[in-house]
Amino acid sequence: AVRLVESGGGSVQAGGSLRLSCVGSGFTGDTYCMGWFRQAAGKEREGIAAIDSSGRSHYPPSASGQFTISQGIAKNTLYLQMTNLDPDDTAMYYCAAENPPYDWCSGALAPGEYNYWGQGTQVTVSS
């Protein structure tokens, strides 16, 4: 089974930056879709960014360039660079993955499209 482990969360002041990491293991074959999601207290989980095994990235239409998804040299490593953080960005951030037999993301930013989830890493932004 696919296993995902996130790291890199923490506390930061408004305007600061953080980089989250996610290491995946247990994939079958070379095709996957991996994404970052977040869930703030009392809110639904929302998709931030996703990337497929061909390197195509996906962001929501409302994306402002604040978050950038990337892969490591080892493609099972995923990063999320977050800049100009605001207290509204305070949330638990999750890495998610799907392991389909094709190299694109179907419903890339929809939580229901992913079967595998990490334990989450907390990001807290203070004003």
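Because only heavy atoms are used, hydrogens play no part in the values below, and waters and symmetry mates are left out as well, while side chains stay in.
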Out of curiosity, does [Y] fall in the hydrophobic cluster containing [X] (side-chain heavy atoms, cut-off under 4.5 Å, transitive links)?
X	Y	result
Leu85	Tyr59	yes
Tyr79	Val2	no
Phe67	Leu109	no

Open item on the list: With heavy-atom distances below 4.5 Å as the criterion, would you say the side chains of His58 and Ile51 are in contact?
Closed with: no
Open item on the list: Is there a side-chain contact between Tyr94 and Arg45 in this structure, where contact means two heavy atoms from C-beta onward sitting under 4.5 Å apart?
Closed with: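 Yes; the side chains approach each other to less than 4.5 Å.
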Task: Pairwise salt bridge (Lys or Arg N to Asp or Glu O under 4.0 Å) hits with a residue in residues 77-99, at least two apart - done: Arg38-Asp89
Taking [X] for its side chain and [Y] for its backbone only, find out whether a donor-acceptor pair lies under 3.5 Å.
X	Y	result
Gln66	Asn84	yes
Asn99	Thr28	yes
Thr90	Val125	yes

[X] to [Y] - nearest heavy-atom pair and separation:
X	Y	result
Asp30	Ser53	O-CB, 3.3 Å
Pro100	Cys33	CD-N, 4.2 Å
Leu18	Gln81	O-NE2, 3.6 Å
Met82	Val123	CE-CG2, 3.9 Å

Quick check for you: to the nearest 0.5 Å, what is the distance between [X] atom [atom1] and [Y] atom [atom2]?
X	Y	atom1	atom2	value
Cys22	Tyr93	SG	OH	15.0 Å
Thr68	Ile48	OG1	CD1	11.5 Å
Arg19	Ser70	CZ	OG	6.5 Å
Glu113	Ser106	CD	OG	4.5 Å

Task: ring pair (Phe, Tyr, Trp, His ring centres under 6.0 Å) contacts touching residues 31-55 (sequence neighbours left out) - done: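 Of all non-adjacent pairs touching residues 31-55, those that pass ring pair (Phe, Tyr, Trp, His ring centres under 6.0 Å) are Phe27-Tyr32, Phe37-Tyr114, Phe37-Trp117.
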Open item on the list: Pairing donors with acceptors under 3.5 angstrom, does anything connect the side chains of Asp103 and Thr31?
Closed with: no
Anything under 3.5 Å between a donor and an acceptor, one on a side chain of residues 3-15, the other on a protein residue two or more places apart or in another chain? List them.
from, atom 1, to, atom 2, distance (Å)
Glu6, OE1, Gln119, N, 3.0
Glu6, OE1, Gln119, NE2, 3.4
Glu6, OE1, Gly120, N, 2.9
Glu6, OE2, Cys95, N, 2.8
Glu6, OE2, Gly120, N, 3.2

